[in-house]
Amino acid sequence: MTIKNRRNALRDYYSTDFDVQVLSRVIEFSSFSTREFGFVSLSGKFFRNIAFENPKALQDFLIDRCPTDAYIGALYDNPPSRKTPIHTLEWKGHELVFDIDLTDYDAVRKFVCDCTGANQVCVRCWQLINISISLIDETMRRDFGMNELVWLFSGRRGVHGWVRDPETVNLDRDQRQSIIDYLSVVKGEDETARVQDRKLLKYEFRKRTEFTIFKYALKDIRRKDLVEMGISASAATKIVSQLKHQEGKVDENLIRRFNKNLASANKYDEVIRRWAPRIDHKVTIDLRRLLRMPTSIHGKTGRVARILDLNTIFEFNPEDEPSIFGDINKETE
Ligand SMILES: [Zn+2]
């Protein structure tokens, strides 16, 4: 696609479909003018240290300049600019954010689908992302008392979670790291990543993790899959017939049975390892991080980084998301 066509597609999108008011779901508008923004220009140049007096000025900029990518950063005591870049300013806060990307699941994706390499994604491996969203969202609400969480499709291979509750804005690096530690069932990134000792996890959180993961693991499971997991033939038969009897509904009873069978087959850690959330902690603890702007365009795919509806996330298929650049660009992701 030529630069001219890309510019037209972006201008079209930002002038008709983009509503800058939607950003109030992730950031506070009263401090808008001292917020850092960053962009990638049509010619591929990355620039940051930009601020806007108000949301309208930002929307005008998007329509006028048609950047291929747009990002939101932290808050400062004064508006960032070329003359006053962020390292010369006093940091005043950043929302708590989570970055979950299929890149971090490469070691375990092979258990759920045939995708290979960095560019492939399908509805099956996307379930790994969905499990993480459900678990983190519920835990932030219940265990941390947060109310305003927004989950965003990144436009490519992952999602971002934004916690908009005001008390998160001033958290320092260590506090953010301790939230990550609380949420980390798996330590490490490769296939042999260590599963956190069950005794070290908070009871409620551990139960929730097991329920979320096992519920997904049991969905559509066949007897032979259970036997392959090391569960005895008779126990596998019982689970499958119970599932059939309950018309596929996975309830607490079934979870308890599955948990016990996994433990006696010594496969508990393996199943948890496959499906547990993998959060890119570097993003969460980086206080000056630029994160893709909600409902902006992902420059490589032309897809909208749209806000996800948690009630229907398990139906979301990233491959079905339209590209404002048309189909040509999809092939070159
Ligand atoms: Zn896949």
Side-chain angles (χ1 to χ4, degrees), residues 98-137 151-161 183-186 188-193 195 209-222 224-226 228-229 243 248 250 258 262 267 269-283 292 297-333:
F98 299 109
D99 179 27
I100 306 169
D101 195 284
L102 277 174
T103 315
D104 297 316
Y105 287 85
D106 278 342
V108 290
R109 275 209 296 168
K110 59 176 178 239
F111 299 113
V112 295
C113 69
D114 301 321
C115 288
T116 51
N119 294 329
Q120 279 191 315
V121 48
C122 73
V123 71
R124 287 180 71 87
C125 51
W126 195 261
Q127 302 302 321
L128 294 164
I129 301 271
N130 287 336
I131 289 171
S132 299
I133 295 177
S134 325
L135 188 58
I136 297 167
D137 191 85
W151 291 91
L152 189 78
F153 169 49
S154 74
R156 198 178 185 192
R157 287 173 26 100
V159 291
H160 300 146
L183 294 167
S184 297
V185 186
V186 168
E189 275 155 27
D190 61 4
E191 223 165 306
T192 56
V195 174
T209 303
E210 286 170 0
F211 192 79
T212 311
I213 291 177
F214 294 168
K215 194 171 153 192
Y216 172 72
L218 283 170
K219 214 176 93 198
D220 308 320
I221 205 159
R222 297 162 301 181
K224 77 176 188 111
D225 301 326
L226 291 163
E228 269 168 25
M229 278 179 192
L243 255 177
V250 180
F258 184 53
L262 279 179
K267 291 290 162 115
D269 279 10
E270 196 178 315
V271 171
I272 295 287
R273 182 184 297 116
R274 283 186 197 178
W275 283 297
R278 289 165 186 250
I279 309 166
D280 185 345
H281 74 111
K282 294 187 294 301
V283 175
R292 193 170 294 284
I297 297 296
H298 190 300
K300 287 205 174 70
T301 62
R303 288 174 172 148
V304 179
R306 72 174 172 92
I307 293 172
L308 298 168
D309 176 357
L310 280 210
N311 297 312
T312 56
I313 49 162
F314 283 91
E315 287 147 42
F316 179 79
N317 183 354
E319 290 182 298
D320 291 344
E321 289 297 293
S323 166
I324 65 156
F325 300 145
D327 287 338
I328 317 146
N329 204 59
K330 261 192 210 169
E331 308 304 319
T332 57
E333 258 178 58

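Since the model is a prediction, treat every value here as computed from it, not as a measurement. As the structure lists them, so they are numbered: ligands from 1, and atoms in each ligand from 1.
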Polar protein atoms (N, O or S) that approach the Zn ion (ligand 1) to under 2.8 Å: C113 SG, C115 SG, C122 SG, C125 SG
Test item: I129 and F316 side chains (from C-beta on) under 4.5 Å apart, heavy atoms: no
Close side-chain approach of I221 and M229, heavy atoms under 4.5 Å: yes
Rounded distance [0.5 Å steps], CZ in R109 versus CG in D106: 5.0 Å
Atom CG of D309: over 12 foreign heavy atoms under 6.0 Å: yes
Candidate pair L226 and F258, rule side chain to side chain contact (heavy atoms under 4.5 Å, CB included), full reasoning: CA-CA 9 Å; L226 291 163; F258 184 53; 3.6 Å; yes
S132 side, atom OG; W151 side, atom CH2 - distance, nearest 0.5 Å: 8.0 Å
